[in-house]
Amino acid sequence: MAGERVQRRLSAILAADIAGYSRLMGADEEGTLAQLKAHRHTLLDPKIDEYQGRIVKTTGDGMLAEFASVVDALRCAVEIQRGMLERNADVPQERRIEFRVGINVGDIISDGGDIYGDGVNVAARLEGLAEPGGISVSGRVQEDARGKLDIAFEDIGEQQLKNIAWPVRVYRVRLSGEAAQARPALPLPLALPDKPSIAVLPFANMSGDTEQDYFADGMIEDIITGLSRARWLFVIARNSSFAYKGRSTDVKQVARELGVRYVLEGSVRKVGERVRISAQLAEGVSGRQLWAKRYDRGLSDIFAMQDEITETIIGAVEPELGKVERRRSAGKRPDNLDAWDLYQRGMSHLYEYTRDDLQRARQYFLQAIARDPQLGPAHSGLAETYYYEGVYGFAESISDNRERALAPALRAVVLDAEDAGAHCTLGRAYYMRRAYDAAFRELKTALELNPSLALAHYGLGATLVFSGRAEESIPHLTAAIRLSPHDPNMGSFLVRLADATYLLTRYEEAAEWAQRALQQPNFQWSRYTVLIAALAQLGRLDEARNRIQELQVKRPNTSIAFVRETHLLGDAANFAHYLDGLRMAGLPD
């Protein structure tokens, strides 16, 4: 009635659903319902009651509850997820019930026993961003609960949630390291490798000038590259090491999160034509320092100093290795220090993966090449700018970018045939052109030169997917994730796994990989299309059509014709299978 006063209140809202519910019900309807009833009776309902929550409503696979306290809502969710880990310990993976939970705090409208409003809608969208067995929360929840529970928060940035007018800062809850183990079906175990393993953290810039960050970053990238040339070492990729930049870190925690035995950290101070490096190598399990050293050098000696640091690390990690393996760590150096400086500035922009940063990176690479035409990595960097413009949809013409990427990629390999990164870039430039045999050749060469190169594992996995060998691709794609678990390219790693599992008709798994890919930063249309196709194959047509609407907002006029022109699937039968799913969902021709 118009004269009635609407009842509003501030509440913490918890939304939960079951990951893979359709698959579970299809496989064993009665058993799934019995499991769910038992979980509700012995765990969920008692926990919600214990923390003074109220179950607003339940659906077949979901639940909505409200709490007066944000901390109580989050504590309840954490204990439910930890309890589910224990209850699922002896249950086969294909029969496990795993909840996804989203929590928000906001103003709600109460009508009888039900609640409405944007606060509720955001909680429901956060649930969709949660991993199976995981919890996603809004920024306000994170602020209110920070430091009050034995958990950590992982910032996944601002997300544009469906039907929410404003972007929402989203955090994933890490249950004291347990969340990474919550879903063995998506294998991300971080056990120590069989061979010596190391992560090189970004060195702190002590120069007092943030403009010099690129200099410190460039030095560390060169050290990572040098270590990676030692084939017997397992080296965490640059992109994942740099996820710790600017953070206060604990060596033991870093070693645990990245699954390595050794951690190198330190600082760089550049003043005029002099540079001072302080470096410490620690054993990750105990945190015990193995060695520490300070280097004072002129800038003209910078490359010799990098080699010295690299060789010292190799000697400390595996003293019995011969000089031949140690000398392998020294790569081909630029003749012009100014060119190297420009190249490193370009790399600092390349790794941001935005439209403007890619254009700035290209200008720096072109300037570096003008100073030193023999600087192979600058040619590779130039090719990468064209590659990423195509991948992230920034290019005006993807076909033009395919052409532009090839020449500088070829030039980089000609200049240094021992550069694994150059072969990796060339391999990816080839598969952009659907030249799969050439891509295989270059990417395999890259991995022979550097078995720790995550992007080469990804590239080889992608080439296998595109060329019709989906089953063979999965070990390489999961290897890329293991080598670089915090990689800004993670969305690409995950969407290729979605492609592979879709082509293997494992549609539920494909949808889950695609959902994870969509949670990563940067827009890629292929993350949507494989999800749409998988949902359609599962008979979840309403969800598929909703995703089409989301895609059309982000990239208007996406059609079957666009996918046919731009997707890299080269096997005719696989591509027809892929397009069948999109047609079932109603993507326009």
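We use all heavy atoms of the structure for the numbers below, so side chains are in, but hydrogens, waters and symmetry mates are not.
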Quick one: CG on L483 to CG on L258, what's the gap to the nearest 0.5 Å? 11.0 Å
Donor-acceptor check, side chain of K554 to backbone of E550, threshold 3.5 angstrom: yes or no? no
With a 4.5 Å limit on heavy-atom distance, are the side chains of E389 and Y387 in contact? no
Test salt bridge (charged side-chain N to carboxylate O under 4.0 Å, His left out) applied to D356 - qualifying residues, sequence neighbours left out: none
Main-chain N/O of P46 paired to R40 side chain as donor or acceptor, under 3.5 Å: no
Is the shortest side-chain heavy-atom distance between L149 and L74 below 4.5 Å? yes
Which atom pair, heavy atoms only, marks the closest approach of A130 to V101? CB-O, 3.5 Å
Could you pull out all residues at least two apart from D107 that satisfy side chain to side chain contact (heavy atoms under 4.5 Å, CB included)? R8
Salt bridge (charged side-chain N to carboxylate O under 4.0 Å, His left out) involving D357 - partner list, sequence neighbours excluded: none
Between E131 and R174 (salt bridge meaning N to carboxylate O under 4.0 Å), is one present in this structure? yes
Measuring only between side-chain heavy atoms, which start at C-beta, is I115 closer than 4.5 Å to S11? no
Are F575 and R564 packed together at the side-chain level, in the sense that at least one heavy-atom pair is separated by less than 4.5 angstrom? yes
Could you name each residue pair satisfying salt bridge (charged side-chain N to carboxylate O under 4.0 Å, His left out) that touches residues 83-93, not counting sequence neighbours? none
Is it the case that S492 and Q524 place a side-chain donor and acceptor less than 3.5 Å from each other? yes
Suppose the criterion is ring-ring contact (aromatic ring centres under 6.0 Å, His included): which pairs have a residue in residues 454-485, not counting sequence neighbours? Y431-F466, H457-H476, Y458-F493
Heavy-atom side-chain proximity of L447 to L460 below 4.5 angstrom: yes
If the condition is salt bridge (charged side-chain N to carboxylate O under 4.0 Å, His left out), which residues does E143 pass it with, not counting sequence neighbours? none
NE2 on H39 to CG on L36, rounded to 0.5 Å: 7.5 Å
Side chain to side chain contact (heavy atoms under 4.5 Å, CB included) against L504, all qualifying residues, sequence neighbours excluded: A470, E471, I474, R506
Closest heavy-atom pair and its distance - P475, T478: O-OG1, 3.1 Å
Using distance alone, with no hydrogens and no angle criterion, decide if T501 and E509 have a side-chain donor and acceptor under 3.5 Å apart. no
Would you call E79 and R82 a salt bridge, using N to O less than 4.0 angstrom? no
Without swapping roles, check the side chain of Q537 against the backbone of T505 for a donor-acceptor pair under 3.5 Å. no
So, using ring pair (Phe, Tyr, Trp, His ring centres under 6.0 Å) as the criterion, who are the partners of F562 when residues are at least two apart? W525
Is a side-chain donor or acceptor of Q552 paired with a backbone partner of T558 at a separation under 3.5 angstrom? yes
Rounded distance (nearest 0.5 Å) linking atom CD1 of I18 with atom CD of E98: 10.5 Å
May I ask you to decide if G259's main-chain N or O and R482's side chain share a donor-acceptor pair within less than 3.5 Å? yes
Name all residues meeting the salt bridge (charged side-chain N to carboxylate O under 4.0 Å, His left out) criterion together with D571; count only those two or more places apart in sequence or in a different chain, and write none if there are none. none
Atom of A500, atom of V465 and distance for their closest heavy-atom approach: CB-CG2, 3.9 Å
Atom of C76, atom of F67 and distance for their closest heavy-atom approach: SG-CZ, 3.9 Å
Will you find, in the side chains of Q519 and R172, an N or O donor that is under 3.5 Å from an N or O acceptor? yes
Are the side chains of Q520 and R527 in touch, meaning some heavy atoms are under 4.5 Å apart? yes
Could you state the interatomic distance from CE (M84) to CD1 (I97), rounded to the nearest 0.5 Å? 6.0 Å
Contacts of type side chain to side chain contact (heavy atoms under 4.5 Å, CB included), residue A237, not counting sequence neighbours: A454, S484
What closest approach, in Å, do V553 and P556 show between heavy atoms, and which atom pair accounts for it? O-CD, 4.1 Å
Note: F153 and A145 closest approach over all heavy atoms is CZ-CB, 4.4 Å
Taking V91's backbone N and O only, do any of them form a donor-acceptor pair with R96's side chain (distance below 3.5 Å, no angle check)? yes
Can you establish whether the number of heavy atoms outside Q52 located under 6.0 Å from its atom CD is more than 12? no
Can you tell if the side chain of I13 reaches within under 4.5 Å of the side chain of L64, non-hydrogen atoms only? yes
Show me the side-chain donor-acceptor pairs of residues 577-589 shorter than 3.5 Å, one per line, residues at least two apart or across chains.
unit_1, atom_1, unit_2, atom_2, d
H577, NE2, Y507, OH, 2.9
Y578, OH, T529, OG1, 2.8
Y578, OH, V530, N, 3.3

Look only at the side chain of T32 and the backbone of E29, and say whether a donor-acceptor pair between them is shorter than 3.5 Å. no
Do L569 and L503 have side-chain heavy atoms sitting under 4.5 Å apart? yes
No-hydrogen, no-angle side-chain donor-acceptor test under 3.5 Å, Q81 and R100: no
Contacts of R355 that satisfy side chain to side chain contact (heavy atoms under 4.5 Å, CB included) - sequence neighbours left out: Q359, F394
